[in-house]
Number of protein chains: 2
Amino acid sequence: MPKDTFFNLPEEKRQGLTQALLEEFAENDYRSASVSRVVERAGIAKGSFYQYFEDKKDCYLYLLRLAVDEKRAFVSRIPPPEHGLDVFATLRWLLDTGASFEFSQPQLAKIGYRAVLGEAPFPDETLEMIRQGGMAYFRQLAAQGVAAGTIRPETDVETAAFVWNVIFMNLGQHLLGRFGMAPQELLERGAQAVSSQEMRTVIFQVLDILENGLRKR
Amino acid sequence: MPKDTFFNLPEEKRQGLTQALLEEFAENDYRSASVSRVVERAGIAKGSFYQYFEDKKDCYLYLLRLAVDEKRAFVSRIPPPEHGLDVFATLRWLLDTGASFEFSQPQLAKIGYRAVLGEAPFPDETLEMIRQGGMAYFRQLAAQGVAAGTIRPETDVETAAFVWNVIFMNLGQHLLGRFGMAPQELLERGAQAVSSQEMRTVIFQVLDILENGLRKR
DNA sequence: AAAAAATGTGACCATCCAGTCACATGACTG
DNA sequence: CAGTCATGTGACTGGATGGTCACATTTTTT
């Protein structure tokens with residue numbers, strides 16, 4: 001946990017530091033990220049940094065929790081389709097929202113992505129939650145679909161969850177690379193970028209593949 | 001390129017050094033991997049290391065090329081289904097072979113995986129080849145399927161390639177995590193581990209999802 | 001205004017890193 | 001045997017890192 005001094009910081013200064021942290025930890029994995037670079041970018045003294053955070057791990061976990069909170073807030077802003085409806089409608093909402101988040105908060109998304117890949121050299125419950133949360137959700141969704149009869153009954157829930165999860169995790173990056181936006185441009189255009197028709201089309205195609213397969217019949 | 005001295009090394013010593021390199025670069029990304037740890041593990045002097053390799057980058061690229069070569073050799077040992085046949089048969093062969101390679105050479109696979117994620121802080125053509133090779137292959141495969149009429153004609157080739165590629169890249173890791181094998185155990189059991197019936201079932205399920213979708217009809 | 005508490009600072013420390021180099025050891029050659 | 005060349009070595013350099021601390025500055029309390 002960051003110390004009180006961090007939360008007592010004037011809004012502007014705290015934002016500046018947070019931004020420097022976001023940049024550093026989005027561009028580098030935990031071990032390569034450098035506190036020295038962060039304080040340089042933020043324009044504060046090394047000593048000050050350690051008035052705000054216990055250590056490097058502390059500031060990293062702060063970012064992780066920030067990512068979780070922001071994603072929660074983001075998701076709750078776009079309400080899900082009514083519960084119990086078609087699983088594929090839920091899936092569409094998920095992919096759509098997930099991609100939007102990636103475009104709206106690319107740095108937080110990247111940090112979360114890194115966390116899932118499991119490169120931090122220490123155990124932590126927030127980390128574990130992020131790592132397992134996605135699969136758990138998709139597992140439950142798949143089970144629900146099987147129970148409701150929307151999904152083919154012979155489906156293995158774990159395997160379906162894997163496929164969905166892996167697509168979900170990588171779709172944002174794919175769209176980003178495919179439609180060639182620099183991170184800078186992203187930050188300027190904001191979330192509405194994803195509403196571009198091209199991207200919507202891709203998302204729907206992906207959903208269609210997951211739902212109906214690729215084989216012509 | 002490693003220097004001549006490296007290739008002149010007695011088999012045993014070269015193997016030992018290579019093994020130390022594999023371990024280090026499979027466990028750490030490029031920036032975090034440490035030459036000091038490598039020479040310690042390999043039991044040679046720091047100076048000797050720099051008789052064999054130009055620098056850190058040189059030894060890393062050696063591993064990358066090794067990964068490419070080994071994978072090529074591995075793949076050519078399990079011949080593909082006849083050309084021009086069902087795209088899905090080719091896909092099955094791909095997933096199967098890919099997963100087998102991951103179980104047979106987990107360290108090389110991991111290094112390749114890291115390379116695709118794009119974390120090395122320098123440009124290189126081998127790197128670029130590894131990064132784009134997968135997508136290029138799947139793109140061509142999808143186009144072939146559309147042309148042959150096996151795949152639904154309205155399919156966007158790029159999107160199909162993305163879905164296949166992302167599944168292909170992550171299936172090995174998934175199987176590994178799911179059937180809970182430690183890397184050590186893996187190295188002992190070798191490639192035949194993947195022939196376990198459980199894993200085959202999962203691979204076939206994944207293929208089935210990609211081919212026919214999940215929706216019950 | 002004085003005292004006290006909180007916050008800011010950058011030189012400094014121990015540790016690690018990639019890479020070098022003067023020298024030691026071995027092997028081959030005339 | 002002497003001489004030459006390839007290989008092995010580890011102390012060392014310069015630089016970066018995470019983290020500390022004695023002190024300076026600012027803010028709050030008395």
Side-chain angles (χ1 to χ4, degrees), chain A residues 1-64 114 119-122 124, chain B residues 1-64 119-124:
Chain A
M1 271 283 257
K3 303 179 185 175
D4 287 341
T5 48
F6 177 70
F7 295 108
N8 293 341
L9 239 37
E11 184 71 13
E12 193 184 344
K13 196 166 182 180
R14 204 183 65 236
Q15 286 292 337
L17 176 50
T18 303
Q19 187 51 43
L21 282 170
L22 282 174
E23 287 169 17
E24 184 65 18
F25 281 87
E27 287 165 14
N28 306 92
D29 75 345
Y30 179 80
R31 295 177 70 161
S32 301
S34 154
V35 174
S36 302
R37 276 195 299 262
V38 168
V39 300
E40 195 183 358
R41 282 205 234 199
I44 64 173
K46 193 82 157 281
S48 299
F49 180 90
Y50 285 94
Q51 300 266 16
Y52 309 140
F53 300 104
E54 297 287 346
D55 50 21
K56 186 178 170 181
K57 174 174 151 183
D58 189 33
C59 81
Y60 173 66
L61 290 180
Y62 163 68
L63 286 185
L64 269 197
R114 287 188 187 284
E119 43 182 28
F122 57 84
D124 173 80
Chain B
M1 271 286 255
K3 304 179 183 175
D4 287 341
T5 48
F6 177 69
F7 297 107
N8 294 340
L9 240 35
E11 183 72 12
E12 194 184 346
K13 196 166 182 180
R14 204 183 65 235
Q15 285 292 336
L17 176 50
T18 303
Q19 187 51 43
L21 281 170
L22 282 175
E23 286 169 17
E24 183 66 16
F25 282 86
E27 286 165 14
N28 306 91
D29 76 345
Y30 179 79
R31 293 177 69 161
S32 301
S34 154
V35 174
S36 300
R37 276 196 300 262
V38 169
V39 300
E40 195 183 0
R41 282 205 233 199
I44 64 173
K46 192 82 160 279
S48 298
F49 181 90
Y50 286 94
Q51 301 266 13
Y52 308 141
F53 300 104
E54 297 287 347
D55 50 22
K56 186 178 169 180
K57 174 173 152 183
D58 189 34
C59 81
Y60 173 65
L61 290 179
Y62 164 67
L63 286 185
L64 269 197
E119 43 183 26
F122 57 84
D124 174 80

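In what follows, chains are A, B, ... by sequence order, proteins preceding strands, each numbered from 1.
- The shortest distance between side-chain heavy atoms of Asp55(B) and Val35(B) does not fall below 4.5 Å.
- Counting only heavy atoms from C-beta outward, the side chains of Tyr60(A) and Asp124(A) never approach each other to under 4.5 Å.
- Atom C1' of nucleotide dT20(D) and atom CD of Glu54(A) are separated by 14 Å, given to the nearest angstrom.
- In the interface, the side chain of Lys46(A) is paired with the base of dG19(D) through a donor and an acceptor atom under 3.5 Å apart.
- Across all strands shown, Lys13(B) has heavy atoms under 4.0 Å from sugar-phosphate atoms exclusively, and none from any base.
- The residue Thr5(B) sits close only to the backbone: its heavy atoms come under 4.0 Å of sugar-phosphate atoms, none of a base.
- Going from atom CZ of Phe6(B) over to atom SG of Cys59(B) covers 9.5 Å, rounded to the nearest 0.5 Å.
- Between the CZ atom of Phe6(A) and the P atom of dT7(C) there is a distance of 13 Å, rounded to whole Å.
- For Phe7(B), there are no ring pair (Phe, Tyr, Trp, His ring centres under 6.0 Å) partners two or more places apart in sequence or in a different chain.
- With Tyr30(A) as the aromatic partner, Lys56(A) meets the cation-pi criteria of under 6.0 angstrom to the ring centre and within 45 degrees of the ring axis.
- The residue Phe53(B) sits apart from the nucleic acid: no heavy atom pair falls under 4.0 Å.
- Between the CD atom of Gln51(B) and the P atom of dA24(C) there is a distance of 16 Å, given to the nearest Å.
- Atom CD1 of Ile44(A) sits about 8.0 Å away from atom CG of Leu9(A), to the nearest 0.5 Å.
- Spacing between atom CZ of Phe49(B) and atom P of dG10(D) amounts to 16 Å, rounded to whole angstrom units.
- Separating the CG atom of Leu9(B) from the P atom of dA6(D) is a distance of 16 Å, rounded to the nearest angstrom.
- Here Tyr52(A) lies in heavy-atom contact (under 4.0 Å) with sugar-phosphate atoms only.
- Closest to the Tyr50(A) side chain, of the nucleotides dT7(C), dG19(D), dG8(D), is dG19(D).
- Using a 4.0 Å cut-off on heavy atoms, the residues of residues 32-45 of chain A that approach DNA chain D are Ala33(A), Ser34(A), Val35(A), Ser36(A), Arg37(A), listed by number.
- One can place CZ of Arg31(A) at 14 Å from C1' of dT15(C), the figure rounded to the nearest angstrom.
- Rounded to an integer number of Å, the gap from OH of Tyr60(B) to C1' of dG19(C) is 20 Å.
- Here Asn8(A) does not reach the OP1 or OP2 of dA6(C): none of its side-chain N or O atoms lies under 4.0 Å away.
- With sequence neighbours left out, the salt bridge (Lys or Arg N to Asp or Glu O under 4.0 Å) criterion links Glu11(A) to Arg14(A).
- If you measure from atom CZ of Phe7(A) to atom C1' of dA6(C), you get 17 Å, rounded to the nearest angstrom.
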